[in-house]
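First the structure, in the form of structure tokens, and then the observations on it.
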Amino acid sequence: MKIGIVGLGLIGGSLALELTRQGFYTVGVSRQEKTCCLALEKSIVCESGVDLQLLGKCNLIIICTPIKFILSTIENIIPYLPPETIITDVGSVKGAIALPARELWKNFVGSHPMAGNANQGIEFAESGLFNNAPCVITPVENTPSEAIKNVREIWQRVGCRIYQTTPELHDQAVAWISHLPVMISANLISSCMEEEEQVRSFAQNLASSGFRDTSRVGGGNPELGLMMAQYNRQQLLTSLKKYQQNLDLLIDKIENNNWEELAQILRETHRDRNKFL
Ligand code: NAP
């Protein structure tokens with residue numbers, strides 16, 4: 001099977017590397033010539049270039065560009081593809097992509113591998129990034145079963161655990177466990193930065209594992225965080241407002257020395273964290 005990967009960054013590069021290592025014939029297309037050269041030099045792909053026409057011979061194409069370019073990339077590659085070509089994407093939101101993409105191309109199935117880190121670009125491509133990561137597949141009404149089967153198989157080959165659901169349920173769930181944490185973590189960093197100089201610089205010396213964990217996603221790729229908010233706006237706002245209500249409740253407990261109720265909340269969160277991880 002020939003697999004095309006468009007957008008050779010952290011996700012596209014890591015995916016291409018893993019698929020190439022597994023013996024697939026991989027064709028990598030990216031925006032910049034220098035990225036394609038690096039992909040070939042590092043044997044991340046079998047063939048690479050900036051010309052979308054290269055994808056014409058692929059059986060399955062995975063769009064790994066930033067979210068805002070996913071639909072336009074599909075539109076731009078369509079003239080080069082035979083109708084049986086299967087297309088999927090890796091975008092972190094699905095509602096804004098899956099339905100319009102399905103309108104553009106019958107054999108489109110959305111996917112979202114829940115893997116990544118704070119880095120950006122092909123320099124950080126690593127094999128094994130998807131090992132044991134959940135991957136959500138979001139077919140819509142009338143998506144051909146053969147396309148779903150092929151997309152599931154590719155993600156299984158790179159080590160993902162597959163979940164299949166609607167784009168809407170995907171977006172509601174990731175708002176809670178991915179997009180809301182990015183905003184909370186970013187807000188933690190910017191709030192700390194507003195502290196007066198003497199306290200802030202001393203705190204910076206003391207920050208250790210706790211701050212590393214809680215600030216990690218807020219200190220990640222800013223372009224990705226922005227697109228999560230723009231393309232999953234409604235679900236993110238719902239979770240942010242619920243979070244704000246709960247934050248007010250915590251403030252109220254502390255202001256009123258309501259230690260028993262605060263202790264009860266913390267006992268529950270101590271118990272419930274395991275349910276997510
Ligand atoms: P990234 O490291 O910035 O990679 C994106 C790459 O796409 C860039 O390196 C760029 O390569 C290329 N590109 C940009 N515009 C393009 C275009 N119009 N046509 C072709 N290539 C283009 O970002 P990423 O983290 O891999 O994210 C890519 C996608 O994965 C996003 O849709 C994101 O939602 C999704 N995702 C990310 C994560 C994560 O944690 N990072 C997790 C799951 C899913 P050049 O060097 O050629 O410019």
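Numbering of ligands and ligand atoms starts at 1, following listing order.
- Contacts between Thr35 and ligand 1 below 4.0 angstrom, taking non-hydrogen atoms only, involve the side chain exclusively.
- Put simply, the side chain of Asn232 gets close to the backbone of Asp171: a donor and an acceptor are under 3.5 Å apart.
- A 4.5 Å side-chain heavy-atom check between Lys106 and Pro144 finds at least one atom pair inside the cut-off.
- Within the 4.0 Å heavy-atom cutoff, His112 counts among the residues contacting ligand 1.
- The shortest contact between atom 9 (O) of ligand 1 and any protein heavy atom is with Gly9 CA, 3.5 Å.
- Looking only at heavy atoms of the protein, atom 19 (N) of ligand 1 is closest to Thr65 CG2, 3.9 Å.
- Hydrophobic clustering (side-chain heavy atoms under 4.5 Å, transitive across Ile, Leu, Val, Met, Phe, Trp, Tyr) keeps Leu19 apart from Ile61.
- Ligand 1 has no N or O atom lying under 3.5 Å from any N or O atom of Val29, backbone or side chain.
- Within ligand 1, the atoms closer than 4.0 Å to a non-hydrogen atom of Gly91 are 32 (O), 34 (O), numbered from 1 in the order shown.
- The residue among Gln32, Gln120, Glu33 with a heavy atom at the shortest distance from atom 3 (O) of ligand 1 is Gln120.
- In summary, the side chains of Gln22 and Glu18 do present a donor paired with an acceptor at a separation below 3.5 Å, with no hydrogens or angles considered.
- Looking only at protein heavy atoms, the nearest one to atom 28 (C) of ligand 1 is Cys64 O, 3.3 Å.
- Closest heavy-atom approach to atom 25 (O) of ligand 1 among the candidates Ile5, Ile77, Ile11: Ile11.
- At a cut-off of 3.5 Å, with distance as the only test, a side-chain donor of Gln264 or Glu268 sits close to an acceptor on the other residue.
- In this structure, the protein non-hydrogen atom closest to atom 40 (O) of ligand 1 is Gly116 CA, 3.4 Å.
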Walk me through whether Glu153 and Arg157 qualify under salt bridge (charged side-chain N to carboxylate O under 4.0 Å, His left out). CA-CA 6 Å; Glu153 278 172 11; Arg157 284 292 293 266; over 6 Å; no
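- The contact set between ligand 1 and Phe69, taken as ligand atoms under 4.0 Å from a residue heavy atom, comprises 15 (N), 18 (N).
- Remark: minimum distance from atom 23 (O) of ligand 1 to any protein heavy atom is reached at Asn221 ND2, 4.1 Å.
- Of the options Ala39, Ser92, Ala115, Gly7, the smallest heavy-atom separation from atom 42 (C) of ligand 1 is shown by Ala115.
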